[in-house]
Amino acid sequence: MRRIVILMMSLWPWMAWAGQLPVVSYDVVPMPQSVTMQKGEAFELNSDVEILATDGLQSEALFLQQYLNEVADVSLQVASQRSRGCKYIELSVSPKVQAQEGYVLTVSQKGITIVGGSAAGVFYGIQTLRKSLADIPRLSSPAHHSFYFPPVIITDAPRFSYRGMHLDCSRHFFPVSFVKKYIDLLAMHNMNRFHWHLTDDQGWRIEIKRFPRLTTVGSQRSGTIMGTNSDLDDYTPHGGYYTQEEARDIVRYAAERHITVIPEIDMPGHMLAALACYPDLGCTGGPYEVGHYWGVYTDVLCVGNPRVYDFVQGVLTEIMDIFPSDVIHIGGDEAPTVKWEQCPKCQAMDLQGTTLQGFFTKRVFDFLTAHHRRALGWDELLDNDAPRDAMIMSWRGMAPGARAAAMGHDVIMTPTTHVYFDYLQGDDPQFEPTRCGGFIPVEKVYSLEPAPDSLSVEARRHILGTQANLWSEYLTNEGLVEYQALPRMSALAEVQWTLPERKDYEQFKQRLTRFTALLERYHYHYAKHLWPERQLPSRWLF
């Protein structure tokens, strides 16, 4: 028997090369900062291996157990103490890993260790281990199946502290189960911020107990304009909202995956759904109706009405109770002034040298600051005397973000030019499933540089990271959301995580091809423009 084992080990490199053994690959997405292959024999992962987790890492150990079972059909036990003669995947936290979200993954014949700078770092090391198995085939007898991990040292940490994705649940409502599935995608891509757009003209989606009409009235619209704001309405009711307990459940679900949920309550514009519930909050008093068409409405909150501030503070008080995030997104985009210009209350205000929106923003900002929270808003805040400590989300290109960073604002880059994922992935709209304009292929996303050298060193320090925005005007079902996000989310993940000097688009495409096997295993829909051979044959018959 011993001779057979020795023979097998001596033949291991040849068998692996010939495809006879299931050998994992460290060609993962996003690319780690350092992958150094080592000499020696591979580590054999089978059902005899256990997961060893120190105190405080039981949750991470259970994730690893679940992932290995899902991806490789291997069931491992989780242990809290070392047993003699057993091989382990060992998880631990050490101050030697200086980056809080960093990790060191070491593989030798004796075992696998993942040491993180925090539990989050361990979690990202687990994601790398999981993704190394992406395209390993499943066998008919998984109980006797082994996987081989070549010896390696992977030293890794993210480039940016803010790595996010946005989802608009206002224009079209998506159930809790799908929001969780979307959060799972973020975790798979090493992202740590979920920007949840909960209110807009076309629907209010979060329960506010002090203002119950926001959900009984504001969460329902009686129809939706068909196509791109045509004259035809489908007169089909659309609605839905998240109870506070459902929202808290989503916050917990994300936190377990080291993801912070940042809620957005857009104000003072994009408030038509709220005005439909409480008409006295508008400049004209209504009547108002939850929006049927897309775009910008001129009806906004009346910033000269004291009741508006009571409403906003009441809403934000409950939002802060639900969401522990230190950042609250207050929107601030696309707020037309036409109704303010015609409103006696607004015109009678003493603005003290600022604009009407600037006055409103400062009131909201001061309220959040008093509650130890920080305001984040779209880059229009810069045009309205944004408070110095306000965070800016730059969507109208890169220039507003660069200006904000130079002024000392912390900035999240989300330019329409690169990361609006509701835009088309293919250049022929005939073969795209949505009606949204624009064209952003995977390569364009990959080319984004959120902190270019044209900025000063000090300004670059204020670029906290980047995210992609996924607006749902034309995303009527869950499959469309996934299709529009993928595989562009993978390109964004590499922008967020990997140092620029290590990026290579052609090499990324090869790793992405492996990664799609994982997407398929979890039944995610993704666009196949990079793989024409995977597309429907009928596409080429027209």
Any idea which heavy atoms bring [X] and [Y] closest together, and the distance?
{"X": "F365", "Y": "A390", "value": "CE1-N, 3.7 Å"}
{"X": "V327", "Y": "L376", "value": "CG1-CB, 3.4 Å"}
{"X": "H172", "Y": "E473", "value": "CE1-O, 3.0 Å"}
{"X": "V217", "Y": "A276", "value": "CG1-O, 4.1 Å"}
{"X": "L356", "Y": "C346", "value": "CD2-O, 3.6 Å"}
{"X": "L382", "Y": "P400", "value": "CD1-O, 3.4 Å"}

With a cut-off of under 6.0 Å to the ring centre and 45° to the axis, is [X] in cation-pi contact with [Y]?
{"X": "R257", "Y": "Y253", "answer": "yes"}
{"X": "K181", "Y": "F174", "answer": "no"}
{"X": "R488", "Y": "F439", "answer": "no"}
{"X": "R435", "Y": "Y474", "answer": "no"}

Ion pair check, [X] and [Y], cut-off under 4.0 Å:
{"X": "E494", "Y": "R502", "value": "no"}
{"X": "R159", "Y": "E101", "value": "no"}
{"X": "D504", "Y": "R511", "value": "no"}
{"X": "D383", "Y": "R403", "value": "yes"}
{"X": "R373", "Y": "D326", "value": "no"}

| task | State whether the side chain of R205 and the backbone N or O of S170 hold a donor-acceptor pair below 3.5 Å, judged by distance alone. | result | yes

Can you confirm whether or not the ring centre of [X] sits under 6.0 Å from the ring centre of [Y]?
{"X": "W294", "Y": "H270", "answer": "no"}
{"X": "F63", "Y": "F123", "answer": "yes"}
{"X": "H462", "Y": "H409", "answer": "no"}
{"X": "Y505", "Y": "Y446", "answer": "yes"}
{"X": "H329", "Y": "W378", "answer": "yes"}
{"X": "Y278", "Y": "F211", "answer": "yes"}

| request: Decide yes or no on side-chain contact (heavy atoms from CB on, under 4.5 Å) for L530 and L512, but give the supporting numbers first. | output: CA-CA 10 Å; L530 295 178; L512 181 60; 3.8 Å; yes

| ring pair (Phe, Tyr, Trp, His ring centres under 6.0 Å) partner of H166, the single match among W395, W196, Y182, W471 |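 That would be W471; it is the only one of W395, W196, Y182, W471 passing the ring pair (Phe, Tyr, Trp, His ring centres under 6.0 Å) with H166.
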
Are any non-hydrogen side-chain atoms of [X] and [Y] less than 4.5 angstrom apart?
{"X": "C169", "Y": "Y242", "answer": "yes"}
{"X": "Y522", "Y": "V71", "answer": "yes"}
{"X": "M31", "Y": "Q507", "answer": "yes"}
{"X": "V312", "Y": "F360", "answer": "yes"}
{"X": "T284", "Y": "K339", "answer": "yes"}
{"X": "R163", "Y": "L492", "answer": "no"}
{"X": "H197", "Y": "L167", "answer": "no"}
{"X": "F421", "Y": "V445", "answer": "yes"}

Tell me if the [atom1] atom of [X] is crowded by more than 12 foreign heavy atoms within 6.0 Å.
{"X": "H525", "atom1": "NE2", "answer": "no"}
{"X": "D428", "atom1": "CG", "answer": "yes"}
{"X": "K503", "atom1": "NZ", "answer": "yes"}

Separation of [Y] [atom2] from [X] [atom1] (nearest 0.5 Å):
{"X": "L198", "Y": "F323", "atom1": "CG", "atom2": "CZ", "answer": "5.5 Å"}
{"X": "I322", "Y": "I319", "atom1": "CD1", "atom2": "CD1", "answer": "5.0 Å"}
{"X": "F194", "Y": "I259", "atom1": "CZ", "atom2": "CD1", "answer": "9.0 Å"}
{"X": "L368", "Y": "M320", "atom1": "CG", "atom2": "CE", "answer": "5.5 Å"}
{"X": "M391", "Y": "M393", "atom1": "CE", "atom2": "CE", "answer": "7.0 Å"}
{"X": "L185", "Y": "S490", "atom1": "CG", "atom2": "OG", "answer": "8.5 Å"}

Is it the case that [X] and [Y] place a side-chain donor and acceptor less than 3.5 Å from each other?
{"X": "T128", "Y": "Y103", "answer": "yes"}
{"X": "T354", "Y": "D385", "answer": "yes"}
{"X": "S325", "Y": "R193", "answer": "no"}
{"X": "Q467", "Y": "H195", "answer": "yes"}
{"X": "H523", "Y": "E482", "answer": "no"}
{"X": "S472", "Y": "D168", "answer": "yes"}
{"X": "Q66", "Y": "E70", "answer": "yes"}
{"X": "N192", "Y": "H258", "answer": "no"}
{"X": "Y483", "Y": "Q425", "answer": "no"}

| request: Apply the test salt bridge (charged side-chain N to carboxylate O under 4.0 Å, His left out) to residues R171 and D422: give CA-CA distance (whole Å), side-chain angles for both, the deciding distance (0.1 Å), then the verdict. | output: CA-CA 12 Å; R171 277 52 178 265; D422 49 322; over 6 Å; no

| said: Apply salt bridge (charged side-chain N to carboxylate O under 4.0 Å, His left out) to residues D27 and R514 and explain how you reach the verdict. | reply: CA-CA 8 Å; D27 290 335; R514 285 193 69 251; 5.9 Å; no

| query | Passes side-chain contact (heavy atoms from CB on, under 4.5 Å), L186 versus M165? Steps please. | reply | CA-CA 7 Å; L186 270 69; M165 277 294 298; 3.8 Å; yes

| query | So K180 and D249, salt bridge (charged side-chain N to carboxylate O under 4.0 Å, His left out) or not? Walk me through it. | reply | CA-CA 10 Å; K180 290 181 175 180; D249 179 45; 2.7 Å; yes

| field | Partner of D410 by salt bridge (Lys or Arg N to Asp or Glu O under 4.0 Å), out of R460, R374, R388, R461 | value | R374

| query | Going through the checks in order, is the side-chain contact (heavy atoms from CB on, under 4.5 Å) test met by K131 and L518? | reply | CA-CA 7 Å; K131 287 178 280 194; L518 197 62; 3.7 Å; yes

| Test side-chain contact (heavy atoms from CB on, under 4.5 Å) applied to V303 and F359, step by step | CA-CA 8 Å; V303 298; F359 179 90; 5.6 Å; no

